[in-house]
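Quick note on labels: first sequence line is chain A, next is B, and so on, each numbered from 1.
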Protein chains: 2
Amino acid sequence: MATSQTLDRTLTALADPTRRAILQRLSAGEARVTEVARPFNMSLNAVSKHILVLERAKLVKRRRMGREHFLSYRPEPLDAAAKWMAETRTFWAGRLDALEQLLREEDAAKP
Amino acid sequence: MATSQTLDRTLTALADPTRRAILQRLSAGEARVTEVARPFNMSLNAVSKHILVLERAKLVKRRRMGREHFLSYRPEPLDAAAKWMAETRTFWAGRLDALEQLLREEDAAKP
DNA sequence: AATATATTCAACCTTTTGGTTGAATGTGAA
DNA sequence: TTCACATTCAACCAAAAGGTTGAATATATT
């Protein structure tokens, strides 16, 4: 039903630069908590909390293997965001074209 | 250049349900501050603050006409969001199809 | 000029957020 | 068993967010 709360969680999770960086890291493939945390200039605990926020938003899934937790990226929650944008037609109008073009340009850049 | 800060402002603005509702209202056309505020169960001042956040994110533009301020919706900041999503390819992959389909369904529903 | 309307500014309060450090838990390695 | 490692839990803190009320400002209306 795309509760407003779901959308809130998704957008709130996305609104933080650290969390966006984490997602970008994970979009390149699974990684453990420590690995994800390494590049950041903050405590492991802080990163762990950010991961929890992403997990609550279902943008990240955790797979426990012994003492290691493997994190992976989950795109599903973006459906709600896309839906909201579609509902706010004028809002979104034209953006889709821009996005399509961006993606096409990216494809064109790679052989 | 799509500063991380720009993206932050956009997504932070979008992360609040009141502000999303305001944008939806404005996507239906210009309105004054008081008009925008009316449906909400909070003080005019609170709504005024939300509008300032949307303005700072450039999602809303203000046109002063005497004592009345007319607000209108501005979609441009979403470019940065779209760009970020395009950059996080795996992240976004598949979502575009879903969005396209949603929009096509909407179009089909209207003669 | 006096009053009403549209809006923001300022001060304040409470809750949430993003970070810290230190201890606890669970698992693997010596 | 003992020690190291991976991760979270708990308590704490400062700053930001979201709301309130009351006063200020600017513009209309009478």
A.B. asks: May I ask whether L44(B) and L26(B) are part of the same hydrophobic cluster, defined by side-chain heavy atoms of I, L, V, M, F, W, Y residues being less than 4.5 angstrom apart, directly or through others?
C.D. replies: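 Result: yes, single cluster for both.
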A.B. asks: Mind calculating the distance between CE (M42(A)) and P (dA15(D)) to the nearest angstrom?
C.D. replies: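 The answer, rounded to whole Å, is 17 Å.
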A.B. asks: Does R19(A) make a side-chain N or O approach to OP1 or OP2 of dG18(C) shorter than 4.0 Å?
C.D. replies: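 So the side-chain polar atoms of R19(A) do come within 4.0 Å of the phosphate oxygens OP1 or OP2 of dG18(C), strictly under.
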A.B. asks: Tell me whether F40(A) shares a hydrophobic cluster with L71(A), the cluster being built from Ile, Leu, Val, Met, Phe, Trp, Tyr side chains joined at under 4.5 Å.
C.D. replies: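 Linked within one cluster.
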A.B. asks: If you compare every side-chain N and O of S48(B) against the phosphate oxygens of dT7(C) (OP1, OP2), does one of them come in below 4.0 Å?
C.D. replies: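 S48(B) to dT7(C) OP1/OP2: no side-chain N or O under 4.0 Å.
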A.B. asks: Without decimals, in angstroms, what is the distance between I22(A) CD1 and dG18(C) C1'?
C.D. replies: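 Between C1' of dG18(C) and CD1 of I22(A): 12 Å.
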A.B. asks: Could you work out which one of dG18(D), dT7(C), dG19(C) sits closest to the side chain of H50(B)?
C.D. replies: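 Nearest nucleotide to the side chain: dG18(D).
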A.B. asks: Does S43(A) have a side-chain nitrogen or oxygen under 4.0 Å from the phosphate oxygens OP1 or OP2 of dT20(C)?
C.D. replies: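 Yes, because at least one side-chain N or O of S43(A) sits under 4.0 Å from OP1 or OP2 of dT20(C).
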A.B. asks: Return all side-chain donor-acceptor pairs below 3.5 angstrom for residues 53-60 of chain A, not counting sequence neighbours, or 'none' if the list is empty.
C.D. replies:
residue: E55(A); atom: OE1; partner: R62(A); partner atom: NE; Å: 3.3
residue: E55(A); atom: OE1; partner: R62(A); partner atom: NH2; Å: 2.7
residue: E55(A); atom: OE2; partner: R62(A); partner atom: NE; Å: 3.0

A.B. asks: Hey, which of these two, T12(A) or R32(B), hits DNA chain C nearer its 5' end, going by closest nucleotide?
C.D. replies: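 The residue whose closest nucleotide sits nearer the 5' end is R32(B).
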A.B. asks: Which is true for R64(B) with a 4.0 Å heavy-atom rule: it touches a base, it touches only sugar-phosphate, or it touches nothing?
C.D. replies: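 If one applies the 4.0 Å heavy-atom cut-off, R64(B) turns out to touch nothing in the nucleic acid.
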A.B. asks: For N45(B), answer base if it contacts any base atom (sugar-phosphate contacts may also be present), sugar-phosphate if it contacts only those atoms, and nothing otherwise; contact means non-hydrogen atoms under 4.0 Å.
C.D. replies: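 Counting heavy atoms under 4.0 Å across all strands, the contact made by N45(B) includes a base.
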A.B. asks: What's the closest nucleotide to the R62(B) side chain, out of dG19(D), dT8(D), dT7(C)?
C.D. replies: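 The answer is dT7(C), which lies nearest to the side chain.
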A.B. asks: Walk me through it: do E35(B) and R32(B) pass the test salt bridge (charged side-chain N to carboxylate O under 4.0 Å, His left out)?
C.D. replies: CA-CA 5 Å; E35(B) 284 164 10; R32(B) 291 177 305 120; 3.2 Å; yes
A.B. asks: Can you get from L52(A) to M42(A) by hopping between Ile, Leu, Val, Met, Phe, Trp and Tyr side chains that sit under 4.5 Å apart?
C.D. replies: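 L52(A) and M42(A): separate clusters.
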A.B. asks: Tabulate atom names and distances for all N/O pairs under 3.5 angstrom spanning the protein and nucleotides 25-30 of chain C.
C.D. replies:
none

